[in-house]
Q: 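Got a structure here, written out as structure tokens. Questions coming.
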Amino acid sequence: MTAQRAQAPVAGTRPWLDILGTLARLGVGGVLVAAGALKVANLPLSAFAVRAYQLLPYELAGYVGYALPVVELLVGVLLLAGLFTRWAALAAGVLMAGFVVGIGWAWATGLAIDCGCFGGGGPTEAGRTAYPLELTRDALLLGLSAWLVVRPRTAYALDNALS
Amino acid sequence: MSAPGPAATARPDAPRGGPSRSVIAAVVAVLAVVAVVVAIVIGRAASTSPEPTSSAAPSASASAQADPGKAVPTGATGFGGPLVVNPGAPANVPTLEVFEDPQCPICAQFEAAYGPTIAAMVKANQVKHVVHTMSFLDLNLRNDSSNRAANAAFCAADQGKFVPYMQAVYAGQPATEGQGWTDEQLTGFATGVGVTGTGLDQWKACVAAGTYLAHVAALETNSEKAGVNSTPTVKLNGQKLTNVTPDGLVAAVKAATR
């Protein structure tokens, strides 16, 4: 998958790309752990935040809200540790894509909600939404996750210690 | 087997006899499933209690543990239904629905700006005024004041004082959103709007028992299911109203009158 170039000392290795990948991994992992940790202590609020998007049926939205903080924490920890990086990055990318769709939908249909990304959430007083900022952040994280799926090789990763 | 990159893997190679990737992957997968299931169980349990996690504001109503059943306050359309301020309104007038949370500061501003206009229209039988008291801010603010204030307001409804009580609640919002109200403050609102004597005793018993807490929770659920996602929200005959002045509201009501 990695291109073989004449300049690389060993075919397939690019140390500086590994470092960049590490930064991407730590960035996405760090954000996910923070988001999950802030939400996991108030699961009813997390459920409420997901319901406010009105994208899913009431009950299902609740389940997604309960499960999301735990999933974020797990994926985030895997990324921070550099364990199963490609799969964790894929999961992170799916999450980010979901958030981009959800927030974009809320914006397009005129909902006024707090995205609930870092706790909080649900209806908000109109005029306090921050959709462009939230979309940009999640799109950026989606891009970093996609990079890691394509090139999961990073420095200081548990993956490198496993056979 | 992947060779460590020259930029260094700080960790030594795992022992050859150590756990393989597949074993670790299986453990992670099982952990993930267990964690999700536990989270859903805990989340559901935490959500079904009518009394949310308790607040910084001390609550003396320890008997909120009592099971309130499915009591419906005077004037509500049913369990979990909104409160109709003037059920005797004529059939040809439009229905004005207001969705508010007691702790919502902009709701207080709304009430101050539009309350007198709405009250005047109600008095003149020009509109049917329906109030959906929401309580989601308890989750955001991590207290139980919206639920308790709503319950207290419904207890006041039994004494015929729902609207004045809610006005007192909005006028008495704390300086910092999230401080909520003490039981003493909620009682002060009641006496301040003229709930006295046996009525006050009944009100106090109603509040202490948390009689309408289940109703408040059901009303919140129904409001969410009705798609209300911002407070205050005002609907005239089911259509959301935005950016109206009090005069504009009067005009809209007039236009909607058959």
Side-chain angles (χ1 to χ4, degrees), chain A residues 9-10 12-19 22 40-49 51-54 58 62-63 65-71 73-75 78 83-84 87-88 106 110-114 119-127 129 153-163, chain B residues 1-16 18-21 24-25 28 31-32 34-49 52-53 99 101 104-107 134 136-140 142 220-221 223-225 227-233 240 242:
Chain A
V10 178
T13 64
R14 289 285 195 92
W16 60 273
L17 280 185
D18 285 3
I19 299 289
T22 307
V40 78
N42 194 344
L43 292 179
L45 180 57
S46 177
F48 178 70
R51 288 194 194 111
Y53 283 88
Q54 296 172 39
Y58 188 87
Y63 290 137
Y66 300 140
L68 191 60
V70 162
V71 171
L73 277 172
L74 188 68
V75 174
L78 287 177
L83 184 61
F84 305 125
W87 291 104
L111 295 183
I113 54 180
D114 182 304
T124 190
E125 296 154 37
T129 57
R153 181 192 184 84
T154 65
Y156 306 104
L158 274 184
D159 280 341
N160 301 341
L162 293 179
S163 54
Chain B
M1 199 167 58
S2 60
T9 306
R11 303 165 195 280
D13 284 351
R16 298 278 187 271
S20 71
R21 278 182 71 90
I24 299 181
V28 169
L31 266 177
V34 168
V36 165
V37 168
V38 167
I40 289 179
V41 168
I42 293 180
R44 281 179 60 93
S47 294
T48 50
S49 66
T53 50
F99 296 77
D101 187 305
C104 155
I106 299 196
C107 299
M134 298 181 74
F136 62 91
L137 279 178
D138 280 0
L139 291 177
N140 299 71
R142 313 211 68 159
E220 169 64 29
T221 300
S223 302
E224 290 176 42
K225 288 183 175 175
V228 172
N229 47 56
S230 162
T231 57
T233 291
K240 273 188 197 170
T242 52

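Values below: every heavy atom of this structure, side chains too, minus hydrogens, waters and symmetry copies. Here is how names work: the chains are called A, B, and so on, in the same order as the sequence lines, proteins then strands, and each is numbered from 1.
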Q: Between B:D101, B:V41, B:T221, which shows the greatest number of heavy-atom pairs under 4.5 Å with chain A?
A: B:T221
Q: At their closest point, which heavy atom of A:N42 faces which heavy atom of B:L139, and how far apart are they?
A: ND2-O, 3.2 Å
Q: Once rounded to the nearest 0.5 Å, what's the spacing between atom CG of A:L162 and atom CD1 of B:I24?
A: 4.5 Å
Q: Between B:E220 and A:F48, is there a side-chain heavy-atom distance shorter than 4.5 Å?
A: yes
Q: Taking all non-hydrogen atoms of both residues into account, name the closest pair between A:L43 and B:A39 and its distance.
A: CD1-O, 3.5 Å
Q: Can you say whether A:L73 sits under 4.5 Å from chain B via the side chain, the backbone, both, or neither, judging by heavy atoms?
A: neither
Q: Once you round to the nearest 0.5 Å, how far does OH of A:Y66 lie from CZ of B:R44?
A: 7.0 Å
Q: Is chain B contacted by the side chain of A:L78, its backbone, both, or neither, given a heavy-atom distance below 4.5 Å?
A: side chain
Q: What part of A:F84 is in contact with chain B, defined as an atom under 4.5 angstrom from a non-hydrogen atom: side chain, backbone, both or neither?
A: both
Q: Heavy atoms only: give me the nearest A:D159-B:R21 pair and the separation to one decimal.
A: OD1-NH1, 3.4 Å
